[in-house]
2 protein chains.
Amino acid sequence: MSNQVESPAEAPDVMRANTVAREMFDRIADRWALLVINALGAGTLRFSRLHEVVEGVSHKMLTQTLRGLERDGIVRRRVHPTSPPRVDYALTGPGAELLRAVTAICGWTRDHITHIETAREEFDARRSAEVR
Amino acid sequence: MSNQVESPAEAPDVMRANTVAREMFDRIADRWALLVINALGAGTLRFSRLHEVVEGVSHKMLTQTLRGLERDGIVRRRVHPTSPPRVDYALTGPGAELLRAVTAICGWTRDHITHIETAREEFDARRSAEVR
DNA sequence: CTGAATCCGCTCCGATACTG
DNA sequence: CAGTATCGGAGCGGATTCAG
């Protein structure tokens, strides 16, 4: 039976603070991390290619994000012993599962651009009407 | 109608910087925004209840996040003319669609805690072994 | 080409106080 | 109870430089 324990360390839920689940969630729930995962959904990509595909990401943040994702086993890094160095990145098995959810978010965003723009206009209009 | 293009050089979506899609994505791809959406998946919640459910969020960030989500038509805010004030929040139709993707991410996180912890240990061990 | 480290501006975020 | 405003510190994140 599952006894109601008050120790929050035992609840593997993202809603609880100071848990491993939340810590992982914080890494994933990041714009650059999500965009990198989304980009790798198209297949293996080199560092320089990723830098192009994920527009707006700086050299530093891309490296940092990739390290984090690699450390958590979401992305696999492969170094080719050539000169100049050639490194490519790909999603791991679990990473590919996560990709589906990420793709869904990106798709939702694309499909609701109009809805959101409309909602914003209404919201802003209502605001300026109230403030007066 | 997902058109698999061979060269992702031209990505007319969230991958492009300075677009409406990216702007929206940046708001959604935020830990507090995602956690709030996830929390509202259980149904309508009052402000104070949200504050409890989404552990770790500050009063200010919760308000700020809710305003953003409301403005983008993801969350609906309802004020009850009582005393003391009573305000509750719920997902809109589009918000409920987005919820599915968010739930998927939260679920993935729960299901892969062990995998990630293992990956981290291996990564860290490999690191300290290389550095020597 | 890839990556690590440094500097530093700037934004985020928490704490606090005040309003309705 | 819910929301807004302000302030100050902490950390994000960009530009740059150097190494392999």
Side-chain angles (χ1 to χ4, degrees), chain A residues 17-18 22-23 25-36 39-40 44-71 75-90 123-124 126-128 130-132, chain B residues 17-18 22-23 25-36 39-40 44-71 75-90 123-124 126-128 130-132:
Chain A
N18 305 319
R22 174 66 75 82
E23 189 186 343
F25 186 82
D26 286 347
R27 161 152 302 149
I28 299 168
D30 170 76
R31 56 181 149 165
W32 297 133
L34 291 173
L35 287 175
V36 164
L40 290 178
T44 302
L45 289 177
R46 295 182 57 181
F47 181 87
S48 51
R49 191 84 187 97
L50 268 173
H51 204 343
E52 295 169 3
V53 173
V54 183
E55 290 188 10
V57 68
S58 69
H59 188 111
K60 176 187 173 180
M61 289 315 295
L62 180 55
T63 302
Q64 192 170 301
T65 301
L66 284 170
R67 283 301 153 277
L69 293 176
E70 182 196 0
R71 180 167 184 262
V75 157
R76 194 204 52 196
R77 176 173 177 265
R78 199 167 45 181
V79 183
H80 300 270
T82 61
S83 178
R86 192 184 174 91
V87 182
D88 56 36
Y89 295 88
F123 182 86
D124 295 342
R126 205 178 317 134
R127 279 241 142 172
S128 53
E130 289 170 356
V131 174
R132 183 137 347 274
Chain B
N18 305 321
R22 173 66 72 83
E23 187 187 343
F25 186 82
D26 285 347
R27 161 154 303 152
I28 300 168
D30 171 75
R31 54 182 152 161
W32 297 132
L34 291 174
L35 287 176
V36 164
L40 290 178
T44 302
L45 289 177
R46 296 181 56 181
F47 181 88
S48 51
R49 190 84 188 99
L50 267 173
H51 203 344
E52 295 169 2
V53 173
V54 183
E55 290 189 8
V57 68
S58 69
H59 188 109
K60 175 185 175 181
M61 289 314 295
L62 181 55
T63 301
Q64 193 171 299
T65 301
L66 285 169
R67 282 301 153 277
L69 293 175
E70 183 194 0
R71 179 168 184 260
V75 157
R76 191 209 56 200
R77 177 172 177 267
R78 199 168 45 183
V79 183
H80 300 269
T82 60
S83 178
R86 192 184 174 91
V87 182
D88 56 36
Y89 295 88
F123 182 86
D124 294 342
R126 206 178 315 134
R127 280 237 142 175
S128 52
E130 290 169 356
V131 176
R132 196 156 323 152

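Side chains are part of it too, since the values below use all heavy atoms of this structure and drop only hydrogens, waters and symmetry mates. Because the structure is a prediction, the values reported are computed rather than measured. Order of the sequence lines sets the chain letters (A, B, ...), proteins ahead of strands, with each chain counted from 1.
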### Task
For the pair A:Leu66 and A:Leu50, evaluate side-chain contact (heavy atoms from CB on, under 4.5 Å) and give the outcome as yes or no after the intermediate values.
CA-CA 10 Å; A:Leu66 284 170; A:Leu50 268 173; 4.0 Å; yes
### Query
Can you check the A:His80 NE2 to C:dT2 P distance for me, whole Å?
10 Å
### Message
Rounded to the nearest 0.5 Å, what separates atom CZ in A:Arg67 from atom OG1 in A:Thr63?
### Response
6.5 Å
### Query
For the pair made of NZ in A:Lys60 and P in D:dC12, what is the distance, rounded to whole Å?
9 Å
### A:Arg86 vs C:dG3: side-chain N/O to OP1/OP2 distance below 4.0 Å
no
### Query
Between C:dG14 atom P and B:His51 atom NE2, what is the distance in whole Å?
10 Å
### Message
Without decimals, in angstroms, what is the distance between B:His59 NE2 and C:dT19 P?
### Response
15 Å
### Message
In terms of relative ring orientation, are B:His59 and B:His51 parallel, tilted or perpendicular, with 30° and 60° separating the classes?
### Response
perpendicular
### Query
Nearest to the side chain of B:Ser58, which nucleotide is it out of C:dG14, D:dC1, D:dT4?
C:dG14
### Task
Determine, step by step, whether B:Leu69 and B:Tyr89 satisfy the side-chain contact (heavy atoms from CB on, under 4.5 Å) criterion, reporting the C-alpha distance in whole Å, the side-chain angles of both residues, the deciding distance to 0.1 Å, and the verdict.
CA-CA 10 Å; B:Leu69 293 175; B:Tyr89 295 88; over 6 Å; no
### Query
Between A:Thr63 and B:Pro85, which is nearer to the 5' end of DNA chain C once each is assigned its nearest nucleotide?
A:Thr63
### Task
Would you indicate what A:Arg31 reaches in the nucleic acid, counting non-hydrogen atoms under 4.0 angstrom: base, sugar-phosphate, or nothing?
sugar-phosphate
### A:Met61 vs B:Arg67, nearer the 5' end of DNA chain D by closest nucleotide
B:Arg67
### Euclidean distance, atom CG of residue B:Leu50 to atom C1' of D:dC1 [Å, nearest integer]
13 Å
### Nucleotide nearest B:Trp32 when distance is taken to its side chain, options C:dG14, D:dC1, D:dG14
C:dG14
